[in-house]
**Student:** 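One structure follows; several queries about it will come next.
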Amino acid sequence: MTIEPAAGVASHPREFILVTGISGSGKSVALHALEDAGFFCVDNLPPELLRDFLELERSRDDRRLAIAVDVRSAASLPHLVTVLEALRDEGQPIRGIFLDASTDALVRRFSETRRPHPLSDPGGADAAAGPESAAAEGRRALVEAIELERELLAGLREVSTVIDTSQLRPAQLSAWVRALVSADESRLTLVFESFAFKHGVPLDADYVFDIRVLPNPHYVRELRPLTGRDAAVVAYLDAQPEVGEMLAQIEAFLERWLPAFVRDQRSYLTVAIGCTGGQHRSVHFAEALARHFGDRWVSLVRHRELPLPG
């Protein structure tokens, strides 16, 4: 979320990062990444204290600020969006990051850590019903808590940049958060993300392009272990006429509509490119699109299914 300084504001407040999201989606990892990037982080600040805390921080010139707010402050959440809008009108720059994940991924994480959901019934499932029934009831209660949390946080999700952590390793999430906060917030940032359809469509995608109909390097023995960043795979795909045709059509579509997103004061646009395994074709397209638009727009590249370089 980008907030422009209002006319008549005497000082120029520094931007702060507002981290929110669904419980279990990686907020602790994101905060640690921001701390490593030099931010002073405050976890679970009650929304009622946000304005006073920012006023206090304005006297400090030596640190960047990241504040995490989550459903533990459920009673105050309905007022938080209103507070953010008022701060915007007063000229306070805010960048919102919302962490999300699929319900299945969240259920698995809570089951693995054996931690209760903040909105779950502290009484738990009725053990007298038997282990299997208790487990089923516990899962149902957890899913209901997650869906309730989605409703409570829907307003914050709408005004934030969303990161889907369903398939992300902690190191990936840390890298993606650092890349987001280092991007120039005064310009539209394009995020080109490759992914595998077999692992699900990213929840944070604004546009999704399915390129599974294109020739697949996976079926060429010497190309199978490589990725779309390798020269041999690039050469193979560039030699396929339909690859160039689809890439040009995606570029033309984005060229046509990017100015409209700028007029709408959007800060981020995530374009997800999916193939079967997320290794060859989608990776090549994400890299090619980032090169094409990188000289005019801030362009970030994410490869969900690939390990981080190095």
Side-chain angles (χ1 to χ4, degrees), residues 1-3 15-31 33-34 66-71 77 80-81 84-85 88 93-106 109 146-170 172-185 187-197 199-209 254 257-258 261-262 264-274 278 282 286 289-290 297-305:
M1 177 175 64
T2 305
I3 301 175
E15 175 187 75
F16 80 89
I17 308 299
L18 180 68
V19 181
T20 62
I22 305 300
S23 301
S25 59
K27 182 168 61 67
S28 296
V29 173
L31 286 179
L34 291 170
I67 298 173
V69 176
D70 58 36
V71 79
L77 285 177
L80 182 55
V81 174
L84 295 176
E85 291 174 350
R88 173 196 62 196
I94 305 170
R95 186 182 305 209
I97 297 177
F98 189 98
L99 304 177
D100 202 352
S102 68
T103 299
D104 285 344
L106 295 171
R109 292 171 187 175
I146 292 170
E147 294 307 314
L148 174 59
E149 185 177 20
R150 292 194 192 280
E151 294 179 13
L152 292 172
L153 297 177
L156 289 173
R157 193 183 195 279
E158 286 296 317
V159 296
S160 303
T161 299
V162 180
I163 299 179
D164 177 10
T165 71
S166 304
Q167 301 291 331
L168 297 187
R169 296 176 292 278
Q172 284 180 299
L173 176 57
S174 296
W176 289 17
V177 168
R178 289 194 297 268
L180 277 179
V181 300
S182 64
D184 184 355
E185 182 69 0
R187 301 169 60 194
L188 174 66
T189 296
L190 304 179
V191 179
F192 297 102
E193 180 176 347
S194 68
F195 72 95
F197 271 98
H199 296 312
V201 177
L203 300 177
D204 51 9
D206 295 295
Y207 286 112
V208 176
F209 293 97
L254 294 175
W257 291 107
L258 283 179
F261 284 97
V262 174
D264 196 42
Q265 298 185 340
R266 286 285 295 271
S267 298
Y268 294 92
L269 184 72
T270 299
V271 179
I273 312 294
S282 61
L289 289 168
W297 313 89
V298 179
S299 297
L300 306 179
V301 179
R302 299 173 178 169
H303 299 306
R304 193 182 73 179
E305 319 303 345

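All values reported here derive from a predicted model rather than from experimental measurement.
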**Student:** So, do L300 and F192 sit near enough that their side-chain heavy atoms are less than 4.5 Å apart?
**Tutor:** no

**Student:** I94 and L84: side chain to side chain contact (heavy atoms under 4.5 Å, CB included), yes or no, with the steps?
**Tutor:** CA-CA 8 Å; I94 305 170; L84 295 176; 3.8 Å; yes

**Student:** Could you tell me if the side chain of V262 sits less than 4.5 Å from the side chain of D264, heavy atoms only?
**Tutor:** no

**Student:** Only counting residues at least two apart or in another chain, list the ones meeting side-chain hydrogen bond (donor to acceptor under 3.5 Å, both in side chains) with E149.
**Tutor:** S23, H117

**Student:** For residues 150-159, pull every pair meeting salt bridge (charged side-chain N to carboxylate O under 4.0 Å, His left out), keeping only residues two or more places apart or in separate chains.
**Tutor:**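 Those involving residues 150-159 are D100-R150, D100-R157, E147-R150.
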
**Student:** For a 4.5 angstrom cut-off between non-hydrogen side-chain atoms, does I67 reach I17?
**Tutor:** no

**Student:** Please report the C-alpha distance between I146 and L148 in whole Å, then the side-chain angles of each, then the deciding distance to 0.1 Å, and finally whether the side chain to side chain contact (heavy atoms under 4.5 Å, CB included) criterion is met.
**Tutor:** CA-CA 5 Å; I146 292 170; L148 174 59; over 6 Å; no

**Student:** Is the shortest heavy-atom distance from the side chain of V71 to the side chain of I22 under 4.5 Å?
**Tutor:**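 No - every pair of side-chain heavy atoms lies 4.5 Å or more apart.
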
**Student:** List the atom of S25, the atom of L106, and the distance in Å for their closest heavy-atom pair.
**Tutor:**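 Heavy atoms of S25 and L106 come nearest at N-CD2, 3.9 Å.
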
**Student:** I'd like to know if R302 and D204 make a salt bridge, using a cut-off of under 4.0 Å between side-chain N and carboxylate O.
**Tutor:**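 Yes, this pair counts.
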
**Student:** For the pair T270 (side chain) and V191 (backbone), establish whether a donor and an acceptor sit closer than 3.5 Å, ignoring hydrogens and angles.
**Tutor:**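 Judged by distance alone, no pair lies under 3.5 Å.
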
**Student:** Pairs of donor and acceptor atoms involving the side chains of residues 174-182, under 3.5 Å and at least two apart or interchain, shall be tabulated with distances.
**Tutor:**
| from | atom 1 | to | atom 2 | distance (Å) |
| --- | --- | --- | --- | --- |
| S174 | OG | P170 | O | 3.1 |
| S182 | OG | R178 | O | 3.1 |
| S182 | OG | A179 | O | 3.0 |

**Student:** What pairs with D70 under salt bridge (Lys or Arg N to Asp or Glu O under 4.0 Å), at least two apart in sequence or on another chain?
**Tutor:** K27, R72

**Student:** Between T20 and S160, what is the shortest heavy-atom contact and its length?
**Tutor:** OG1-OG, 4.4 Å

**Student:** Any side-chain heavy atom of L289 within less than 4.5 Å of one from I273?
**Tutor:** yes

**Student:** For S194, check side-chain hydrogen bond (donor to acceptor under 3.5 Å, both in side chains) against everything at least two apart and list the hits.
**Tutor:** H303

**Student:** Is the side chain of R266 donor-acceptor paired with the backbone N or O of Y268 at a distance under 3.5 Å, no angle test?
**Tutor:** yes

**Student:** What are the two closest heavy atoms between R95 and A183, and how far apart are they?
**Tutor:** NH2-O, 3.2 Å

**Student:** Which residues satisfy the ring-ring contact (aromatic ring centres under 6.0 Å, His included) test with F98, sequence neighbours excluded?
**Tutor:**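 For F98, no residue satisfies ring-ring contact (aromatic ring centres under 6.0 Å, His included) once neighbours in sequence are set aside.
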
**Student:** Provide the closest heavy-atom pair for G21 versus L153 in the form atom of the first, atom of the second, distance.
**Tutor:**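 Of all heavy-atom pairs spanning G21 and L153, the closest is O-CD1, 3.2 Å.
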
**Student:** I'd like to check I163 versus L173 (side-chain heavy atoms, cut-off strictly below 4.5 Å). Are they in contact?
**Tutor:**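 Yes; the side chains approach each other to less than 4.5 Å.
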
**Student:** Just jot down the side-chain contact (heavy atoms from CB on, under 4.5 Å) partners of V208, sequence neighbours excluded, or say none.
**Tutor:** F195, F197, V201, A205, A272

**Student:** Determine yes or no for a side-chain-to-main-chain donor-acceptor pair under 3.5 angstrom, with Q172 supplying the side chain and R304 the backbone.
**Tutor:** yes

**Student:** Who pairs with S102 by side-chain contact (heavy atoms from CB on, under 4.5 Å), at least two apart in sequence or on another chain?
**Tutor:** D104, A105, S166

**Student:** Is any side-chain heavy atom of L80 closer than 4.5 Å to one of L156?
**Tutor:** yes

**Student:** Do you know which two heavy atoms are closest between V81 and G155, and how far apart they sit?
**Tutor:**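 For V81 and G155, the tightest heavy-atom pair comes out as CG2-C, 3.9 Å.
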
**Student:** Answer with yes or no whether the side chains of T165 and R109 bring together a donor and an acceptor at under 3.5 Å.
**Tutor:**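 Their side chains do contain a donor-acceptor pair, which is all the 3.5 Å distance test asks for.
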
**Student:** Please give me the minimum heavy-atom distance between A290 and V301, naming the atom from each residue.
**Tutor:**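 That would be CB-CG2, 3.2 Å.
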
**Student:** Are L258 and L188 side-chain neighbours, meaning at least one heavy-atom pair lies under 4.5 Å?
**Tutor:** yes

**Student:** Given the rule in the side chain to side chain contact (heavy atoms under 4.5 Å, CB included) test, do I97 and L18 qualify, once you have shown the distances and angles that lead to the verdict?
**Tutor:** CA-CA 6 Å; I97 297 177; L18 180 68; over 6 Å; no

